[in-house]
Every structure is written in C-alpha cells, then in structure tokens.
S.K.: 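One structure is given below, represented as structure tokens, and several questions about it will come after.
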Amino acid sequence: MLNITSAETLFSGIGVVICLLGLICFFIPRHHKFGILSILLGDLFLFISIVFPKKMTDLMASYQVDPTVFATDERYVGAVVGLIIFALWYVVRVLFNKYLLKTIKKPQTKEKSQENTKQERIEDQKQTSEPTVSHVEPSLNIDNESIDSRVEPTLDLTPKKKLADPRLFNNLKVNQ
C-alpha cells in the first residue's frame, strides 16, 4: 500500500506549482482570467492533499500504481506533474479561445454588423436632400391641385438640410 505522506506531498507539490504559475499569469493583463482559474485549480489539488490523502492512496492503488515508485517525499515529482498539468491546462485554454469562442461569437458579430448597416442606411437617408418614395401607384389619377389642398407634407426644418420640393409628393397615395 502507498504511504499517505507520499500522496500528501505529491498533491501539495502539484497544487503549489499550479498556484504559483497561476499567480504569475494573474499579473499578466492578457492572462488575468486564466491566472485566476489556474489558482483555483491549484487550490483544488491543495485541498485534496489536505483533506483526502487516504482516499488518494486508495485511488492510486486501484489504478495499480507501484508503491516502490513513491518515496516518502514526492514534492519534486509533484512539481513536475504540476508543470505538465499546467501546460495541458494552457493548451486547452488556447484551443478553447481559438476554436470554440470564435464559433460562439460569430452570430453576435453578424447581428451587430447588420444593425450597424441599418443604422448607416437610416443616417444616409436622413442626410440626403431628396426623400425616397417607397411605394408609388401609377394608376392613381388625381390632379395636382386637389393633392396640394388636402395633404400638407411635413418637412424637417433644420438649418443644415434642404427643404423637399412639394412636387415630389404628387404621386403619394391620399387617404380619403
């Protein structure tokens, strides 16, 4: 059976190395969140080394780990294993950011670009001096004088914009 102190020192070595590397990443602005998550991962190994050393020796024995491999002090083996775990953790983070986040963010960027183009179209229409007519019925035969007497076109009277020509409204449908 494995020695309990070897399991304690193994998992505490893993936890300390991951916590220290997470603390270093914490002070790098681009890796701030990754540093926090790494510190939490290292704390998990430290928690296991304090609370569950007996269960970890039983777990390693169930995976048929040879007890002669472990001495009573396994801090250095824990440090190497901690470096390997941290490297794998970093690779998983990079792959997650590279592939998975891009696929998640693509629909949001398309929606934002569509909203931006709609806003740009609205602004372009406001800046043009002639208003656009969206629907014209050629079959409507009403003389110009009756339209002018019934419909008053509303115009934006800001000083930067030109006023619309009233003849542009002759083809609009009049509600009777």
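Numbers for residues simply follow the sequence, beginning at 1.
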S.K.: Does any N or O in the side chain of S38 come within less than 3.5 Å of the main-chain N or O of G22, such that one atom is a donor and the other an acceptor?
M.R.: no

S.K.: To the nearest 0.5 Å, what is the distance between CD1 (I50) and CZ (F45)?
M.R.: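 Spacing of CD1 (I50) from CZ (F45) equals 14.0 Å.
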
S.K.: Would you please test Y90 and L21 for side chain to side chain contact (heavy atoms under 4.5 Å, CB included) and show each step?
M.R.: CA-CA 11 Å; Y90 185 77; L21 291 172; over 6 Å; no

S.K.: Can you check side chain to side chain contact (heavy atoms under 4.5 Å, CB included) on F86 and C25, steps first, answer last?
M.R.: CA-CA 11 Å; F86 186 81; C25 287; 3.8 Å; yes

S.K.: Return the orientation label for the H31 and F34 ring planes: parallel under 30°, perpendicular over 60°, tilted otherwise.
M.R.: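 Because their plane-to-plane angle is over 60°, the rings of H31 and F34 count as perpendicular.
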
S.K.: For the atom pair CE (M56) and CG (L10), what is the distance rounded to the nearest 0.5 Å?
M.R.: 10.5 Å

S.K.: Should V77 and M60 be counted in the same cluster of Ile, Leu, Val, Met, Phe, Trp and Tyr side chains packed under 4.5 Å apart?
M.R.: yes

S.K.: Return the set of residues passing salt bridge (Lys or Arg N to Asp or Glu O under 4.0 Å) with R93 (not counting sequence neighbours), or none when no residue passes.
M.R.: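 Counting only residues at least two positions away or on another chain, R93 forms no salt bridge (Lys or Arg N to Asp or Glu O under 4.0 Å).
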
S.K.: When rounded to the nearest 0.5 angstrom, what is the spacing between CD1 in I48 and CD in E8?
M.R.: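 Between I48 CD1 and E8 CD, I get 13.0 Å after rounding to 0.5 Å.
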
S.K.: Would you kindly confirm whether V94 and L83 end up in one hydrophobic cluster when ILVMFWY residues are joined by side chain heavy atoms under 4.5 Å apart?
M.R.: yes

S.K.: If I take atom CD1 from residue I24 and atom SG from residue C19, how far apart are they, to the nearest 0.5 angstrom?
M.R.: 11.5 Å

S.K.: Same cluster for V16 and I85 if Ile/Leu/Val/Met/Phe/Trp/Tyr side chains link at under 4.5 Å?
M.R.: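 Per the 4.5 Å side-chain linkage, V16 and I85 are not co-clustered.
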
S.K.: Taking side chain to side chain contact (heavy atoms under 4.5 Å, CB included) as the criterion, tell me which of L44, L41, L46 meets it with I18.
M.R.: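 Result: among L44, L41, L46, L41 is the only option passing the side chain to side chain contact (heavy atoms under 4.5 Å, CB included) with I18.
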
S.K.: Measuring from L59:CG to K54:NZ, what's the distance to the nearest 0.5 Å?
M.R.: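 Reported to 0.5 Å precision, the distance equals 12.0 Å.
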
S.K.: For I36 and F26: C-alpha separation, side-chain torsions, deciding distance, then whether side chain to side chain contact (heavy atoms under 4.5 Å, CB included) applies.
M.R.: CA-CA 6 Å; I36 292 171; F26 177 76; 3.6 Å; yes

S.K.: Could you please spell out the steps behind the side chain to side chain contact (heavy atoms under 4.5 Å, CB included) verdict for L88 and I84?
M.R.: CA-CA 6 Å; L88 290 174; I84 293 170; 4.3 Å; yes

S.K.: How close do S12 and S49 get, heavy atom to heavy atom, and via which atoms?
M.R.: N-CB, 3.5 Å

